[in-house]
Structures are given as C-alpha cells and as structure tokens.
There are 2 protein chains.
Amino acid sequence: MPAVSDCIDMLDSETKAVETPEDHAEELRLWLRLLTCTTLIEGEVRGRLRQRFDVTLPRFDLMAQLDKAPDGMTLSDVSKRMMVSNGNVTGLVERLVESGHLDRRTSETDRRVQVIRLTKLGRAEFRRMAAEHETWIADLFADLSPKDVRELMRLLAKTKGSAQKSAARRRP
Amino acid sequence: MPAVSDCIDMLDSETKAVETPEDHAEELRLWLRLLTCTTLIEGEVRGRLRQRFDVTLPRFDLMAQLDKAPDGMTLSDVSKRMMVSNGNVTGLVERLVESGHLDRRTSETDRRVQVIRLTKLGRAEFRRMAAEHETWIADLFADLSPKDVRELMRLLAKTKGSAQKSAARRRP
DNA sequence: CCGAATTGTTTTAAGCCTAAAATGTTTTCC
DNA sequence: GGAAAACATTTTAGGCTTAAAACAATTCGG
C-alpha cells in the first residue's frame, strides 16, 4: 500500500503545480554502473594495446576513425566523431604524423581545412591491431548472450537519445 | 536457410575443436555505443560542474567518495574505488587540500598510510553540488522508464561481471 | 631477530584533455 | 566590394592521467 506522501508526489508530478524534491537514486546508481563498466573495459583495452603494440588508446581510436574514411577526414570531423576538443586532435595528429602513421595536407579548395589520412604503414598497423582488439572486446563481453547484446544495444540507443535531448535542452 | 559455412561455424563453436575467425562485430558495436553514452554524459556533467560550481569532474568524484566515508579513506582506497592510478590521486588530493576541501593526516598506527577526509567546507560544498548533480543525471536519463532503468542495471551488472572475469583471466 | 617480500605513497616523464583566446580563411549579406 | 559573421585550426595555460621507478614502512618466514 502506497504511503500518503507517495500519493502526494504522484499528484504533484501529474499536475506539475508543485516542485517536490524527487528521488533519483536509481538513475544515479545506473550512471555510476555505466561509468564503472566503461572505465573497466577502457582500462583493460588501454593496457592490452600498450603491452601488445606499444600504442595508446587515443592513437588507436583516431586511427580507427580514419580507417573507415579512405578519402581522409578533416580535423573537425575527427574531433566531432571522437567527441574530443579540437586542440586535442591537433596534438594527437602531430604525433601520429611524426611517427609516420598519418598523412596530413591542406585542402586544395579551402585553405582552412587540414585533411588527414592513414599512410600505408598506418593502415597496415591499424588492421593488425584491430583484428586482435576485436577478440579482446568479444572476450570482455563473453558472458552476454546474443539476446543480452541486442537488448543492451536497444537500451543504450535510448540512453544516448535521452542524453542528447537533455544536452540540447541546455545548449539549444 | 543457413549457409553451409554457418553450419560449419556452429559445429566448430560447439566442439571447440577448430578455431575459426568468428564474427564479433555486434560486441564491437555494443562497446562503441557504451563508450559513446558514457562520453556524452560525462562531458555534459563536466561542463555543468564547471559552469555552475567552477569545479572539475575528478575533484567532484573524489569528494563523492569521501562523502560516503565519514571516517576518511586511505589514498589506496580512493585509488581503487575511483579506478585510477595512485599517482593520480596524490595530485588530486594535493590540490583539494590546498583549496581547503580536504584534510589529510598520517595514520597513527601505520606511518605509510595517509587518511583523507572532507573538511566542513568540503562537505558543505559537496552536498550543495551533489543535490544539483542528481537532477542533471535524472534529466539525462529522463527518457528511460523505470523498467528500462532496472533492465539496464541488470545487463550492466552482467557486463561488469563479464569484463572483470576477462580481466582476471589475463592478469590472474 | 633479520632479511625479503609486501604494501602505501610519491615522483618522474610523457602524453592526454579541456576551455578559451588567438589566427587565418571563407562566407554572408548589405 | 567590404565589413561582419562563421568556420577550421592552433595556441595557451592549466589540470588530469598513466606506467614505471623510487622511497618508506610494515609484515612475514626462517
């Protein structure tokens, strides 16, 4: 049987007339668990990349973006895709050009734009790492059934949508 | 109708006699989506903390750990809980002691150990931030029904367990 | 009891990351 | 055409983060 205060809360939330301090402990716990999972997996992948290939995770991520774009990408594109700041990409690219994994040139048609591509070396090294990386991920998620995976995909898609809407509300 | 190669794969995966290159594209997509969700929410929370309270996310996270431990924690405890390196905590604590949010003292019984606590100021400021933080999280997850939340919690618990097992397999 | 592991923390070196300001380029629109 | 807005990138200053090595204190096993 619901307590009186619960009924009042329900009325409030329906009428939206009064703001009562609502309980969001469940969402908070969900967020912490989501963060834990990501941190756990990310740390594991970071460590394996370092041990097996002596490469950092951000470098790998950047190369992964470029592998999907044979014609190259602009720094802005990369920055949006990776959801990191512009300045971050500048430095990352600098180091990867230095090590011979990336090729960088100024666009012919718009001199503001820098187009970057994987070099032959970069692509070869990335493919080699990516193949192994995929097995790590499979292993990390090994306990999930195909149905679990589908269901998680669905719920995370909903989560992503929800978060994007919330972000847009703040920064329209 | 399944292709012949699929049947062969299924036999292989049952008998475990032959290693065939299996397809783990779904798990990979799941991992990328998980990472996207976390990055999205984390970035949003980071920005709001900075705008509203001029505090960084790591500082907030550290204070959150200490708020749950009135008797204080050792640096190692904090490091494990936050899943970050020891050296990271050292610097973070340094800055928070400097700003008057934390109190740090050497343990009486074990002179290796540093025990840190929130100061009165630290606790007050944290509580103020935490209250608002909770509403942000609620808003970010607003599109999820209570059932969605429960289901996500369950699947992420399973994911966490799976990842921990996988990590333990590599580093026993 | 004492040397050897173990544990807790700090230091070091390098890289990652952000927000904000600065720089150079293109587009817009009067 | 030219000023103003928008865009792409870099720079700056500061903080975060890691792995590995160094240091300090305790515990363990003989």
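In the text below, chain A, chain B and the rest are named by the order of the sequence lines, each starting its count at 1.
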Item to check | Value in whole Å for how far the C1' atom of C:dA20 lies from CG of A:Asn86 | outcome: 12 Å
Item to check | Atom pair distance, as rounded to whole Å: CD in B:Glu94 and P in D:dG14 | outcome: 16 Å
Checklist entry - CG of B:Leu62 versus P of D:dT17: gap in Å, rounded? => result 10 Å
Item to check | Short side-chain N/O contact to C:dA20 OP1/OP2 from B:Arg50, under 4.0 Å | outcome: yes
Checklist entry - Which part of the nucleic acid does A:Leu92 contact within heavy-atom distance under 4.0 Å: base, sugar-phosphate only, or nothing? => result sugar-phosphate
Checklist entry - Within the structure, does a side-chain N or O atom of B:Arg59 lie under 4.0 Å from either OP1 or OP2 of D:dC16? => result yes
Checklist outcome for this item: Minimal heavy-atom distance between A:Arg104 and A:Val97, with the atoms involved, is CB-CG2, 4.0 Å
Checklist outcome for this item: The residue, B:Gly87 or A:Asp110, whose nearest nucleotide of DNA chain D is more 5′ is A:Asp110
Item to check | Partner set under salt bridge (Lys or Arg N to Asp or Glu O under 4.0 Å) for B:Arg123, not counting sequence neighbours | outcome: B:Asp67
Next on the checklist: Could you report the tightest heavy-atom contact between B:Ala157 and A:Arg33, atom names first, then the distance?
Outcome noted: CB-NH1, 3.4 Å
Next on the checklist: I need the single residue from B:Lys158, B:Lys160, B:Lys165 that forms a salt bridge (Lys or Arg N to Asp or Glu O under 4.0 Å) with A:Asp143. Which is it?
Outcome noted: B:Lys165
Item to check | Whole angstrom value for the distance that separates C1' of D:dT17 from CG of B:Asp61 | outcome: 14 Å
Next on the checklist: Output the rounded distance in Å from CD1 (B:Ile116) to P (C:dG8).
Outcome noted: 14 Å
Item to check | Which atom of A:Ser162 lies closest to which atom of B:Phe141, heavy atoms considered | outcome: OG-C, 3.4 Å
Checklist entry - Could you state the CD-P distance from B:Gln114 to C:dT11, rounded to the nearest angstrom? => result 11 Å
Checklist outcome for this item: When A:Gly47 and B:Thr56 are each assigned the nearest nucleotide of DNA chain D, the 5'-most assignment goes to B:Thr56
Next on the checklist: Under 4.0 Å, heavy atoms only, any strand: does A:Thr90 hit a base, just the sugar-phosphate, or nothing?
Outcome noted: base
Checklist entry - Do A:Arg46 and A:Glu42 come within less than 4.5 Å of each other through their side chains, counting heavy atoms only? => result yes
Item to check | Most 5' of B:Val89 and A:Pro58 on DNA chain C, judged by nearest nucleotide | outcome: B:Val89
Checklist outcome for this item: In whole angstroms, the gap separating C1' of D:dC23 from CZ of B:Arg111 amounts to 14 Å
Checklist entry - Thinking salt bridges, do B:Arg171 and A:Glu44 make one under a 4.0 Å N-O criterion? => result yes
Checklist entry - Can you list, by residue number, the residues of residues 75-85 of chain B that have a non-hydrogen atom closer than 4.0 angstrom to DNA chain D? => result B:Met83, B:Val84, B:Ser85
Next on the checklist: Please determine whether any donor N or O and acceptor N or O are separated by less than 3.5 Å between the side chain of B:Arg112 and the base of C:dT7.
Outcome noted: yes
Checklist entry - So what does A:Asn88 hit on the nucleic acid, given a heavy-atom distance under 4.0 Å: a base, only sugar-phosphate, or nothing? => result base
Checklist entry - Under a 4.0 Å N-O cut-off, is there an ion pair linking A:Glu98 with A:Arg95? => result no
Checklist entry - Taking for each residue the nucleotide of DNA chain C bearing the nearest heavy atom, is the 5' side occupied by A:Arg95 or by B:Gly43? => result A:Arg95
Item to check | Residues in contact with DNA chain C, drawn from residues 34-42 of chain A - heavy-atom cutoff 4.0 Å | outcome: none
Checklist outcome for this item: In whole angstroms, the gap separating P of C:dT9 from CE of B:Met73 amounts to 11 Å
Item to check | Aromatic contact, A:Phe53 with A:Phe60 (centres under 6.0 Å) | outcome: no
Checklist entry - Choosing from C:dC16, D:dA19, D:dT17, which nucleotide comes nearest the side chain of A:Arg46? => result D:dA19
Item to check | B:Thr56 side chain reached by B:Leu49 side chain, heavy atoms, under 4.5 Å | outcome: no
